[in-house]
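Along the sequence shown, residues are numbered consecutively beginning with 1. All values below come from the heavy atoms of this structure, side chains included, with hydrogens, waters and symmetry mates left out. Whatever order the structure lists them in is the order used to number ligands and atoms, beginning at 1.
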Amino acid sequence: METKKNIVVIGAGYGGLTAALRLARLFRKHHEYQIHLVDRNPYHTLKTQLHEAAIRKTVVTIPIDRIIQRRNIIFHLGEVTRIDAAKQSIFMGSESLPFYYLVIALGSQVNFYNIPGLRENSFPLQTAEDALLIYDHITRLCARAASAPIEKQRREMLRFIIGGGGLSGIEFASELADHAAQCICNYHVNPQEVEIIIIEAGSHILSKMDESFAARIQKKILEKNIKIVPGTKIVGRTPDTVTLSSGKVLRTNTVIWTGGIRIQELARQSGMKIGQLGRIMVDEFLRVEGYPFIYAIGDNALAMNPHTNEPVPAAAQFALQQGRLVANNVYADIFGGERKPYHPKLLGEVVGLGRHLAVGWLALPFLKKITFVGFLGSLLKTAIQEKHIFLLRRESGKWITY
Ligand SMILES: Cc1cc2nc3c(=O)[nH]c(=O)nc-3n(C[C@H](O)[C@H](O)[C@H](O)COP(=O)(O)OP(=O)(O)OC[C@H]3O[C@@H](n4cnc5c(N)ncnc54)[C@H](O)[C@@H]3O)c2cc1C
């Protein structure tokens, strides 16, 4: 029996799923190759919408079988526990899968930076399960606060601390502010008793974005009565307090931690070269240094922007671009085509500030930009999210529903 050559993609997030679908399309007539996709979950998570799920319980997962149906893709549900780069195999516990080519797209996970008590007593927002836990916690807390007889108790219940003023922290805080306003009204709670506080270690929020753009967003955030504490770190957490680097101690039942990401230990353990935050070092074609048959993309790859010499940020739009590029590069490697280097394209940035408000910009031809504020911005945000579903549809040739 003919043994097929396996092209294995690990991680069915933005980067991995895009790579697997494009590979399946490119290799559809080459039956000697088999595409494999591995993920610990049987669904693709729309991670950029997790803050909505955490507050409004919206659906942010799409079953993998709907996306890959009738494609040349074998899906493996499992936790990748080891990559043997030298022997070209990945392991899911005792089960192994040999590869001819490998694409590593395992994304990132929360980084608690060993802050005492933070892991045990805060909520990360990285997975669909995290979002559900937050939804449940906040729903119960608001309901309990409504009937708590003592004001001090109510204030503690309704003081929400968000650790980290990056994109996910800001989008979550804004959704929460809208929700709290609604909840207060429904439960007849005094609005003065609700406090949403963003603790940001840097000098201002959204430090990775353009400063004037970030300032614009900050203005909108303050209008929503969200407090921002810049230049301050969370240094300790107990079940009911948060200690700040300023020495201040706040009493609260809720800390949502969006303050940092890191990469899994898998790559480091397999001997690949690791850079900042544990990201895998890749060359200009996104190949793992020293391993020509292994590519790494998305959050877990340290791709460099050749124009700025800066690392490409961990963002869905870059993971998608990289997924498409590596599929083409694997195909080129195998069939003697021209491998293409990665040039990141920042197509725009949109920050959702609640259900009907967003601030953003989109790149236009000739280095021009168009900015959107308010409801128009939120329509743009929805359009970008829908575009991802549309592109999955196009790659898979199927109508995908959540
Ligand atoms: C709340 C939030 C909001 C965000 N908003 C935006 C935004 O507006 N715009 C933007 O560009 N970016 C945003 N991001 C960042 C964006 O989501 C990530 O950059 C993007 O998901 C990275 O894609 P990826 O393919 O590298 O990894 P992911 O999409 O994280 O996919 C990784 C996949 O690997 C799987 N996996 C991980 N480890 C294993 C293992 N050991 N075994 C098996 N499977 C495994 C996971 O289950 C997952 O399916 C946001 C992130 C968060 C958390």
Could you tell me the residue and atom name of the protein heavy atom closest to atom 51 (C) of ligand 1, and the distance to it rounded to 0.1 Å? K47 O, 4.2 Å

Where ligand 1 meets Q317 - atom numbers and elements under 4.0 angstrom, heavy-atom basis: 11 (O)

Step by step, would you call K47 with Q126 a side-chain hydrogen bond (donor to acceptor under 3.5 Å, both in side chains)? CA-CA 7 Å; K47 231 172 151 177; Q126 282 289 328; 2.9 Å; yes

Protein heavy-atom partner closest to atom 38 (N) of ligand 1 - residue, atom, separation in Å: Q264 NE2, 2.5 Å

Hey, what's the ring geometry for F293 with Y100, parallel, tilted or perpendicular (30° and 60° as the breaks)? parallel

among protein heavy atoms, the one nearest atom 8 (O) of ligand 1 is K381 NZ, 3.2 Å

For ligand 1, find out whether one of its N or O atoms is nearer than 3.5 Å to an N or O atom of D299. yes

Distance filter under 4.0 Å to N41 heavy atoms, resulting ligand 1 atoms: 47 (O)

Could you pull out the closest heavy-atom pair between E193 and L158, with the gap in Å? O-CB, 3.5 Å

Consider every N or O of S108 and every N or O of ligand 1, then say whether any pair is closer than 3.5 Å. no

Atom 34 (O) of ligand 1: the protein heavy-atom neighbour that sits closest, reported with distance to 0.1 Å: G11 CA, 3.4 Å

Ion pair check, D178 and K224, cut-off under 4.0 Å: yes

Aromatic ring pairing F27/Y331, orientation class (parallel under 30°, perpendicular over 60°, tilted between): perpendicular

Identity and separation of the nearest protein heavy atom to atom 36 (N) of ligand 1: L106 CD2, 3.9 Å

What protein heavy atom is closest to atom 27 (O) of ligand 1, reported as residue, atom name and distance in Å? G107 CA, 3.2 Å

Identity and distance of the protein heavy atom lying nearest atom 28 (P) of ligand 1: G13 CA, 3.9 Å

As a quick check of understanding, evaluate side-chain hydrogen bond (donor to acceptor under 3.5 Å, both in side chains) for T254 and H137, giving each step before the final call. CA-CA 8 Å; T254 313; H137 172 79; 2.8 Å; yes

Just distances here: any N/O of N300 and N/O of ligand 1 closer than 3.5 Å? no

G78 heavy atoms within 4.0 Å reach ligand 1 at atoms 42 (N), 43 (C)

Centroid separation F75 to H36 less than 6.0 Å: no

Contact region, A12 to ligand 1, non-hydrogen atoms below 4.0 Å, reads backbone

In terms of its nearest heavy atom to atom 35 (C) of ligand 1, the top option of T81, D39, I10 is D39

Within a radius of less than 6.0 Å around CZ of R56, do more than 12 heavy atoms belonging to other residues, nucleotides or ligands occur? yes

Would D136 and T139 satisfy side-chain hydrogen bond (donor to acceptor under 3.5 Å, both in side chains), going step by step from the backbone distance to the final call? CA-CA 5 Å; D136 197 50; T139 309; 5.8 Å; no

Please test R159 against E156 for salt bridge (charged side-chain N to carboxylate O under 4.0 Å, His left out), starting from the C-alpha separation and ending with a verdict. CA-CA 5 Å; R159 180 173 297 124; E156 277 176 35; 5.9 Å; no

Heavy-atom nearest neighbour of atom 39 (C) of ligand 1 within options R40, Q126, M92: R40

Atoms of ligand 1 under 4.0 Å from any heavy atom of A105, numbered from 1 in the order shown, are 32 (C), 33 (C), 34 (O)

Closest to atom 53 (C) of ligand 1 by heavy-atom distance, out of T45, T48, L125, L37, is L125

Closer than 4.0 Å to some heavy atom of A314 - which atoms of ligand 1 meet that? 19 (O)

Under a 4.0 angstrom heavy-atom cut-off, which atoms of ligand 1 come close to G15? 25 (O)

With respect to atom 2 (C) of ligand 1, which of A131, G348, G360, S168 exhibits the smallest heavy-atom separation? S168

Please work out whether any backbone atom (N, CA, C, O) or any side-chain heavy atom from C-beta onward of H44 is under 4.0 Å from ligand 1, and answer side chain, backbone, both or neither. neither

Among non-hydrogen protein atoms, atom 21 (O) of ligand 1 lies closest to Y14 CD1, 3.2 Å

Centroid separation under 6.0 Å, is that true for the rings of F335 and H30? yes

Yes or no on salt bridge (charged side-chain N to carboxylate O under 4.0 Å, His left out) for E32 and K5, after CA distance, side-chain angles and deciding distance? CA-CA 6 Å; E32 64 280 29; K5 289 179 174 160; over 6 Å; no

Would you check whether H51 has a nitrogen or oxygen atom less than 3.5 angstrom from a nitrogen or oxygen atom of ligand 1? no

Any N or O of A316 that comes nearer than 3.5 Å to an N or O of ligand 1? yes

Which of the ligand 1 atoms, numbered from 1, are nearer than 4.0 Å to a heavy atom of L167: 5 (N), 6 (C), 7 (C), 8 (O), 9 (N)

Do R155 and E195 pass the salt bridge (charged side-chain N to carboxylate O under 4.0 Å, His left out) test, and can you show the C-alpha distance, the side-chain angles, and the key distance before you say yes or no? CA-CA 8 Å; R155 282 188 182 273; E195 235 182 329; 5.6 Å; no

Ring centre gap for Y342 and F285 strictly below 6.0 Å: no

With under 30° as parallel and over 60° as perpendicular, where do the rings of Y113 and W257 fit, or are they tilted in between? perpendicular

Tell me if the CZ atom of R216 is crowded by more than 12 foreign heavy atoms within 6.0 Å. no

Quick one: which ligand 1 atoms are inside 4.0 Å of a heavy atom on G298? 26 (O)

Considering both backbone and side-chain atoms of V350, is one of its nitrogen or oxygen atoms within less than 3.5 Å of a nitrogen or oxygen in ligand 1? no

